[in-house]
**Q** 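First, the structure itself, so that you have it in front of you.
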Amino acid sequence: MAGNDLPSLGRVKLCDLIACEGLPSDSYKLSVSTLSQSLAQYSAAIIQFPSSDGALLRSGLDSAHLYFHQRASYPAADMIHDNESREWCKTSGYYADPQLWLETYDFRPGLTPTESNSGLEFPPAGLPDIFSLLGKAARDILDAITFYLNLRSSPFTEILDNVPLRGREISSSVLSVCCYGRPSFQGPQHHNLTTQEDGQLVMFSDHEHQVDKSLITLVKSDKAGLHVRDFHGRWVLVDGDLGPQEAIVYPGLALYQATAGYVGPALHRTEISNLQSNLYGRCCLAFKLMPKSMTSLNCSEMRAAGHGVEAQFQLPIPVDDFMQRSHPTEQLFNRHTFPSFNFPTAQDV
């Protein structure tokens, strides 16, 4: 991989990742190669949306500022949750995790009301449009990854939600509006982890690193602070120089499982230093493309494409079981036989 190393996080225009009928264009092949190589080296990439979509994302973040700013300084007991106690496919509305100094509003179509039901509190604005925008982008990115792996078109359709949802279906995917370190939120500030980076003292939330259980996660933040561990084990600040229409994409555990480990999940952590001087803390929009709970993750598509599948990926795993299992990160990132992308030159993609 050394000959094709990217000097920094790959930056790709979303419009260049949208597949069309017929032979793939040179711009599509180059963009797919850049995306895939960035995911292998840095476990993340930068996606550039059209400028009009950037305005929608910006308005969503502005609305998030106001929503969390008007919340009470400490949540009621029934709004305090952690990742272990919540049903993964049924989260909706506001909840808080004081240990992470984190507040979240989950928008899940089919479950989350789109208007205020109390008359006293209004959810962040524009969530249905943002969900639609990021959901379509996540599917285009997933298709680009499967093209690079030489899988058939849309191989994961059976485990994804219908578009649009049918009848009384509830979305498995979710748009989370998050706020870290709001100064008026009474989180356990003394429990933060502190580390030395480039001669500066940097604070991270209690759980030093996390792995999403999604297929694909897209994150748009209002300020830098998302760190992802790269191929060499170094922590990289991935959202330090994002433009107004740019977002970060990274793979999750479900894609790792469905591709027999060929696409490694991103190990990430969030910096919460110097937020006390900011009125709103650090806000972000995080879309997680999730598999449906009543389906299974299997590697049949990888085998059909001629990829080797290790023993631990041979048997299908029900999605609901997979989501409720613990996945120790040391087992994921310390594998000596960890398969990875084999990068050809761009013209050979």
Side-chain angles (χ1 to χ4, degrees), residues 4 6 8-57 129-157 159-161 163 173 175 212 214-220 226 228 238-239 241-252 254-256 258-259 262-266 285-291 301 305 340-349:
N4 291 320
L6 295 174
S8 60
L9 213 63
R11 198 176 238 105
V12 181
K13 291 182 178 179
L14 179 62
C15 61
D16 289 337
L17 290 176
I18 298 175
C20 298
E21 296 287 341
L23 294 174
S25 65
D26 289 341
S27 62
Y28 181 77
K29 291 188 288 184
L30 179 60
S31 296
V32 167
S33 178
T34 301
L35 168 70
S36 301
Q37 187 168 347
S38 186
L39 294 182
Q41 281 185 239
Y42 299 101
S43 294
I46 298 172
I47 300 298
Q48 296 178 319
F49 288 83
S51 57
S52 58
D53 294 337
L56 176 61
L57 296 175
D129 291 335
I130 297 172
F131 184 97
S132 177
L133 169 67
L134 297 182
K136 176 65 166 60
R139 288 174 184 250
D140 288 335
I141 293 166
L142 182 62
D143 283 346
I145 293 172
T146 61
F147 174 83
Y148 201 92
L149 289 171
N150 200 32
L151 306 185
R152 66 182 178 89
S153 299
S154 305
F156 299 123
T157 298
I159 66 172
L160 294 175
D161 289 328
V163 179
S173 299
L175 173 62
D212 290 0
S214 60
L215 291 160
I216 293 289
T217 299
L218 274 162
V219 179
K220 175 61 178 176
L226 178 62
V228 175
V238 295
D239 58 354
D241 62 344
L242 292 188
Q245 70 269 29
E246 294 180 330
I248 296 295
V249 63
Y250 57 80
L255 189 58
Y256 168 80
T259 60
Y262 279 75
V263 183
L285 306 170
F287 177 87
K288 296 180 181 180
L289 182 66
M290 305 292 291
E301 296 290 345
S340 61
F341 290 112
N342 180 25
F343 292 106
T345 57
Q347 60 266 30
D348 293 335
V349 177

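Counting from 1, the numbers follow the sequence of the chain as shown. Since we're looking at a predicted model, the values are computed, not measured.
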**Q** Run the numbers on Thr259 and Leu149 for side-chain contact (heavy atoms from CB on, under 4.5 Å), then give the verdict.
**A** CA-CA 9 Å; Thr259 60; Leu149 289 171; 3.9 Å; yes

**Q** Atom CG of Asp26 and atom CG of Asp16: how far apart are they, to the nearest 0.5 Å?
**A**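 Interatomic distance, Asp26 CG to Asp16 CG, rounded to 0.5 Å: 11.5 Å.
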
**Q** If you measure from CG on Asp241 to OG on Ser8, what distance do you get to the nearest 0.5 Å?
**A**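 Here the interatomic distance stands at 7.5 Å.
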
**Q** Rounded to the nearest 0.5 Å, what's the gap from CG on Leu14 to CD1 on Ile46? Could you check?
**A**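 Between Leu14 CG and Ile46 CD1, I get 14.0 Å after rounding to 0.5 Å.
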
**Q** Where do Pro251 and Gly264 come nearest, in terms of heavy atoms and distance?
**A**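 Nearest pair, atom of Pro251 first, then Gly264: CG-O, 3.4 Å.
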
**Q** Do the non-hydrogen side-chain atoms of Tyr250 and Leu226 ever get within less than 4.5 Å of each other?
**A**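 The answer is yes; the side chains approach within 4.5 Å.
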
**Q** Show the nearest heavy-atom pair for residues Ala44 and Val238, with the distance to one decimal.
**A**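 Residues Ala44 and Val238, closest heavy atoms: CB-CG1, 4.3 Å.
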
**Q** Which heavy atom of Gly10 sits nearest to which heavy atom of Thr34, and what is that distance?
**A**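 That would be CA-CG2, 4.0 Å.
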
**Q** Would you call Lys220 and Asp53 a salt bridge, taking side-chain N to carboxylate O under 4.0 Å as the test?
**A**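 Looking at Asp53 together with Lys220, the answer is no, because their closest N to O distance does not fall below 4.0 Å.
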
**Q** Are any of the side-chain heavy atoms of Tyr256 and Val263 separated by less than 4.5 Å?
**A**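 With C-beta onward as the side chain, the pair stays apart.
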
**Q** What heavy-atom pair brings Ile216 and Ala138 nearest, and what distance separates the two atoms?
**A**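 Smallest heavy-atom distance, with atoms named: CG2-CB, 4.1 Å.
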
**Q** When you compare the side chain of Val163 with that of Arg139, does any pair of heavy atoms fall below 4.5 Å?
**A**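 When only atoms from C-beta onward are counted, Val163 and Arg139 do touch, with a gap below 4.5 Å.
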
**Q** Once rounded to the nearest 0.5 Å, what's the spacing between atom CD1 of Ile159 and atom CG of Leu215?
**A**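 One gets 5.0 Å once the value is rounded to the nearest 0.5 Å.
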
**Q** Tell me if a side-chain donor or acceptor on Ser38 pairs with a main-chain N or O of Leu35 at a distance below 3.5 Å.
**A**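 Not a single qualifying donor-acceptor pair exists.
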
**Q** Give a yes or no on whether the ring-centroid distance for Tyr28 and Phe147 is below 6.0 angstrom.
**A**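 Here the rings of Phe147 and Tyr28 have centres that are less than 6.0 Å from each other.
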
**Q** Do Thr217 and Met290 have side chains that get closer than 4.5 Å, going by heavy atoms?
**A**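 Side-chain contact under 4.5 Å: no.
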
**Q** Quick check: does any side chain N or O of Glu301 sit under 3.5 Å from a backbone N or O of Leu151, one acting as donor and the other as acceptor?
**A**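 Answer holds: no.
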
**Q** Nearest 0.5 Å, please: how far is OG in Ser173 from CG in Leu160?
**A**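 One finds 7.0 Å between CG of Leu160 and OG of Ser173.
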
**Q** Determine whether Leu175 and Leu134 make a side-chain contact, defined as any pair of heavy atoms from C-beta on separated by less than 4.5 Å.
**A**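 The answer is yes, as the side chains (C-beta and beyond) meet within the 4.5 Å cut-off.
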
**Q** Out of Gln245, Glu246, Lys13, which residue meets the side chain to side chain donor-acceptor pair (under 3.5 Å) rule with Gln48?
**A**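 With Gln48 as partner, Gln245, Glu246, Lys13 yield a single side chain to side chain donor-acceptor pair (under 3.5 Å), made by Glu246.
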
**Q** Checking Thr146 side chain against Asp143 main chain: does a donor-acceptor pair fall under 3.5 Å?
**A**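 Yes; judged by distance alone, with no hydrogens or angles, the pair exists.
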
**Q** Between Leu30 and Val32, is there a side-chain heavy-atom distance shorter than 4.5 Å?
**A**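 No - every pair of side-chain heavy atoms lies 4.5 Å or more apart.
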
**Q** How far does CG of Leu255 sit from CG of Leu289, to the nearest 0.5 angstrom?
**A**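 The CG atom of Leu255 sits 9.5 Å away from the CG atom of Leu289.
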
**Q** For a quick test of reading the model, state the closest non-hydrogen atom pair linking Ser43 to Ala266 and the distance between them.
**A**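 Looks like O-CB, 3.4 Å.
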
**Q** When you measure from the side chain of Ser31 to the backbone N and O of Ser27, does any donor-acceptor pair fall under 3.5 Å?
**A**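 Confirmed, Ser31 side chain pairs with Ser27 backbone.
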
**Q** Give a yes or no on whether the backbone of Leu6 and the side-chain of Tyr42 come within a donor-acceptor separation of less than 3.5 Å.
**A**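 Looks like yes, one N/O pair under 3.5 Å.
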
**Q** Is Leu285 close to Phe287 at the side-chain level, that is, under 4.5 Å between some pair of heavy atoms?
**A**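 No - every pair of side-chain heavy atoms lies 4.5 Å or more apart.
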
**Q** Going by heavy atoms in the side chains, are Ile47 and Leu17 under 4.5 Å from each other?
**A**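 Side-chain contact under 4.5 Å: yes.
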
**Q** Mark yes or no for whether Ser36, through its side chain, and Ile145, through its backbone, hold a donor-acceptor pair below 3.5 Å.
**A**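 Flag not set: sc Ser36 to bb Ile145 has no pair under 3.5 Å.
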
